[in-house]
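The structure appears below as structure tokens.
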Amino acid sequence: MNWQQRAYCGELDSAQVGQTVQLFGWVDAVRDHGHLLFIHLRDVSGIVQVVFHPEAPFYAQARQLRSEFVVSIVGEVKTRAADTVNPHLNTGTLEIEAKSLEILNQAQTPPFEVSEKGFSGEVLPFKVDEDTRLTYRYLDLRRPSMQRHLVERSALLKIVRDYLSEARFIEVETPVLTKSTPEGARDYLVPSRVHAGHFYALPQSPQLFKQLLMVGGLDRYFQIVKCFRDEDLRPNRQPEFTQVDLEASFIDETFIYSLLEGLIHRLFAHTGVTHLPATFPHITYDESMSKYGNDRPDLRFGWELVEVTDVFKDTSYKIFRMILETGGMIKGMNLKGQAAKLSKNILQEELAKGLIPKLGGKGMTWMKVENGQLDSNIVQFFSEAEKAALLSRMGAEEGDVLIFVADQDRALVHSILGQFRVIMAQRCEIIPENTFAPCWVVDFPLFENSAHGLGAVHHPFTQPQGDITGLDREALLTQKARAYDLVINGEEVGGGSIRIHSWTQQEQIFQALGYTQAQIEERFGFFVRALKYGTPPHGGLALGVDRLVGMLLGVASIREVIAFPKNRMAYCPLTESPSPVSSEQLNDLHIRVTEL
RNA sequence: GGGGGCGUAGUUCAGCUGGUUAGAACGCCUGCCUGUCACGCAGGAGGUCGAGGGUUCGAGUCCCUUCGCUCCCGCCA
């Protein structure tokens, strides 16, 4: 194999005209003119056209070529005549006149087309059932767009490594076979052969190990690492996913913010995005919930939630009055300038009766601002004072649409309006394209109510903002954590916290979570012990690589940037895993499978 | 775990209130074609309509069961 002399198809340029080059690749397309024969030859770098003339001794062999055959071609780089240039191909001003042809391998007709013919202007939509793509992922990966995804992912991860190395971070690997901890998601378990009846767990994150690395004095650690969570899947969720995991000692929140802002700037600059703010705005959890209805605000557009409970405190409108009398709240949103797009029929039938109930709401009140008046099916129930107050509170102008949701359950009001805001913004096409709006969400609550008492909102190693000594449950629920999320365009791309480094404080948290001394010892004994041996103040963050790369490349799903993803059922159609194993294997592992 | 949608040729899809031999495009095969590049022209092959059961004179179409995929909710410290 003459690999030393190899040239890459997509990298040929006019400087090489007249040279003889060696190419390896796959046949992307064949155009047989009976005499003249053209092929597109594809390798990882791109595509070039090869011409076979009928006089060539290997012409008969060339006519045997089919899609996806693997070939070695030696040929002369030639300039194309002006009227035969292909403007859609990077190498479109050139072609290779074949001097020899070797068919290195034949190929069956693939189950779907690998060629994207995409150099023909706009990229044709690739519509093949995803399970079929995953079953033949090696063919799917041959498509130029998939190769671009993985090439770019590699380039972006190199930027991460370079950046963090420059900032004195040390890349350390942590175990994949580790200890199951009852917090958080379900663990993937790995049975031990040597220790009968005992199990390792695959890490949900290297959380405890990276903190132990800080105790170990490594000072600044990072890792690009797989994490595993055995939960039901979502379009943007895989059972195994990749994080940029990092942790640093003797730092505070400001270190993390500026470190990550620098990294995000570099990553986005790589893809040509330069409009990110120098420092990212901070928004508190409470403010995010109240203005955007969730803790991952999409700041690319306005449409903030506005409370109008007080406007209707004496209303005669029966539905509002009933809800307010039982302690409910009314919030609304101004769909700025959307009156023309949203007819009364759409507002009432599709949204109030369709979408809102799907989101969990009982109803929605809407009104349009037309001819200087509020107009809707129920506007006659409101007083002039109420209408005037609404107009001013909502900043309403001609052509606006106001919508309101009322409910006893304040969290439900936020949840409905938060989802409604995003869905309607997409539907009304008000979200600017190719725009990225990052922010830090800060001041998360430390605890939340859970089925069995208090639960940690972030995780139990997060430092409280204040002293929690002696606080009762009610007071604990009002405490804030030193936790932060990095949110871009309404997607959480990373999260972290300043950790607890005092073992007494760590035990306070465990106790608040309702763990007994025995449970603490059994689950986290090794960790609490470590905290007692001189733990430095430290904190860190983890970035979701799949989501971030997916966002940077503008793909529809994280599966587009993962070489071998699982499907929605956590199944791999390519390898057909998971699969049954032999009874010998089970016996070795001391496992008996119960009847299904 | 709960709810919605889908399953027809290799691929993407059409197939009306149940009614002759289930169609289209692309792909594939054969032939023709010396400048194409989504080449063109002519011809051809290719289907247990996801599976099982039921209703009916008759089912791709209606009903039940089941499997698979997908979306939403729960879940995801």
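Being a predicted model, the structure only gives us computed values, none of them experimental. Here is the naming used below: chain letters follow the sequence lines, and residue numbers restart at 1 for every chain.
At whole-Å resolution of the value, CG in A:Asp28 and C1' in B:C37 are 11 Å apart. For A:Asn236 and B:C75, the CG to C1' distance is 16 Å, given to the nearest whole Å. The CG-P distance, from A:Asn294 to B:C76, rounds to 17 Å in whole Å. Rounded to whole angstrom, the span from the CE atom of A:Met569 across to the P atom of B:G68 amounts to 7 Å. Whole-Å rounding puts the A:Gln49 CD to B:C37 P distance at 10 Å. Atom CD1 in A:Ile558 sits about 18 Å away from atom P in B:C76, given to the nearest Å. Rounded to an integer number of Å, the gap from A:Arg568 CZ to B:C75 P is 15 Å. The CG atom of A:Asp546 sits 15 Å away from the C1' atom of B:C76 (whole-angstrom rounding).
Of the P atoms belonging to B:C72 and B:C62, the separation is 27 Å, rounded to the nearest Å. Look at the C1' atom in both B:C28 and B:G18: the space between them is 35 Å, to the nearest Å. Distance noted for atom C1' between B:A25 and B:U8: 15 Å (whole Å). B:U11 and B:U66 have their P atoms separated by 27 Å, with the value rounded to a whole Å. One C1' atom belongs to B:G68, the other to B:A51, and the distance between them is 10 Å to the nearest Å. The gap from the C1' atom of B:G35 to that of B:G44 amounts to 29 Å, rounded to the nearest Å. Of the C1' atoms belonging to B:A14 and B:G52, the separation is 27 Å, rounded to the nearest Å. B:C49 and B:U36: their C1' atoms are spaced 39 Å apart (whole Å).
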**OP:** Could you encode protein contacts along nucleotides 6-12 of chain B as a string, one character per nucleotide from 5' to 3', using B for base contact, S for sugar-phosphate-only contact and - for no contact, with a heavy-atom cut-off of under 4.0 Å?
**Re:** ----SSS
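In this structure, of B:C72, B:C71, B:G35, it is B:C72 that holds the atom nearest to the side chain of A:Arg234. Of the candidates B:G27, B:C76, B:G35, B:G27 carries the atom nearest the A:Glu113 side chain, counting heavy atoms from C-beta on.
Between A:Arg186 and B:C76 there is no side-chain polar atom (N or O) within less than 4.0 angstrom of OP1 or OP2. Phosphate contact (OP1/OP2 of B:U36, side-chain N/O of A:Asn86, threshold under 4.0 Å): absent.
For B:U66, the paired base is B:G50 (Watson-Crick or G-U wobble, both distances below 3.5 Å). Pair assignment for B:C41 gives B:G31, based on Watson-Crick or G-U wobble hydrogen-bonding distances that are each under 3.5 Å. Pair assignment for B:C57 gives B:G19, based on Watson-Crick or G-U wobble hydrogen-bonding distances that are each under 3.5 Å.
Annotation: A:Phe58, atom CZ; neighbour count of heavy atoms from other residues, nucleotides and ligands within 6.0 Å is above 12.
In this view, A:Glu491 satisfies the salt bridge (charged side-chain N to carboxylate O under 4.0 Å, His left out) rule with no residue, not counting sequence neighbours. With sequence neighbours left out, A:His53 forms a ring-ring contact (aromatic ring centres under 6.0 Å, His included) with no residue at all. In terms of the side chain to side chain contact (heavy atoms under 4.5 Å, CB included) criterion, residue partners of A:Ala81 (sequence neighbours excluded) are, by chain and number, A:Asp83, A:Thr84. Checked against side chain to side chain donor-acceptor pair (under 3.5 Å), A:Thr174 has the following partners two or more places apart in sequence or in another chain: A:Gln223. Residues that satisfy the ring-ring contact (aromatic ring centres under 6.0 Å, His included) test with A:Tyr285, not counting sequence neighbours, are A:Phe444. In terms of the salt bridge (charged side-chain N to carboxylate O under 4.0 Å, His left out) criterion, A:Glu448 has no residue partners (sequence neighbours excluded). Partners of A:Arg482 by salt bridge (charged side-chain N to carboxylate O under 4.0 Å, His left out), not counting sequence neighbours, listed by chain and number: A:Glu253.
A:Ser577 places a side-chain heavy atom less than 4.5 Å from the side chain of A:Cys572. For the pair A:Trp440/A:Leu486, a side-chain contact is recorded, criterion being any heavy-atom separation below 4.5 Å from C-beta on.
Taking 3.5 Å as the limit, the base of B:C33 and the side chain of A:Arg31 contain no donor-acceptor pair of atoms between them. Not a single donor-acceptor contact under 3.5 angstrom links the side-chain atoms of A:Glu231 to the base of B:G74. The base of B:C75 has none of its N or O atoms less than 3.5 Å from a complementary donor or acceptor on the side chain of A:Arg229.
Base engagement by A:Val85 is indicated by at least one non-hydrogen atom pair under 4.0 Å involving a base atom. Across all strands, A:Asp232 comes closer than 4.0 Å to base atoms (heavy-atom distances). Within 4.0 Å of A:Glu95, counting heavy atoms only, lies at least one base atom of the nucleic acid. Among the protein residues, A:Thr462 comes within range of no part of the nucleic acid, since none of its heavy atoms lies under 4.0 Å from any strand.
Stacking here means ring centres nearer than 5.5 Å and ring planes tilted less than 30 degrees, and by that measure A:His40 does not stack onto B:C37.
Along RNA chain B, the nucleotide nearest A:Asp83 and the nucleotide nearest A:Gly34 are compared for position; the residue whose nucleotide lies closer to the 5' end is A:Gly34.
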Original post:
Stepwise, does the side chain to side chain contact (heavy atoms under 4.5 Å, CB included) test hold for A:Gln204 with A:Cys227?
Top reply: CA-CA 5 Å; A:Gln204 296 178 27; A:Cys227 303; 5.9 Å; no
**OP:** Mind running side chain to side chain contact (heavy atoms under 4.5 Å, CB included) on A:Ile431 and A:Gln426 for me, showing each step along the way?
**Re:** CA-CA 7 Å; A:Ile431 302 177; A:Gln426 284 163 356; 3.9 Å; yes
Which atoms of nucleotides 29-32 of chain B (N or O only) lie under 3.5 Å from a protein N or O atom, and what are those distances?
from, atom 1, to, atom 2, distance (Å)
B:C29, OP1, A:Arg66, NE, 2.9
B:U30, OP2, A:Arg66, NH2, 3.3

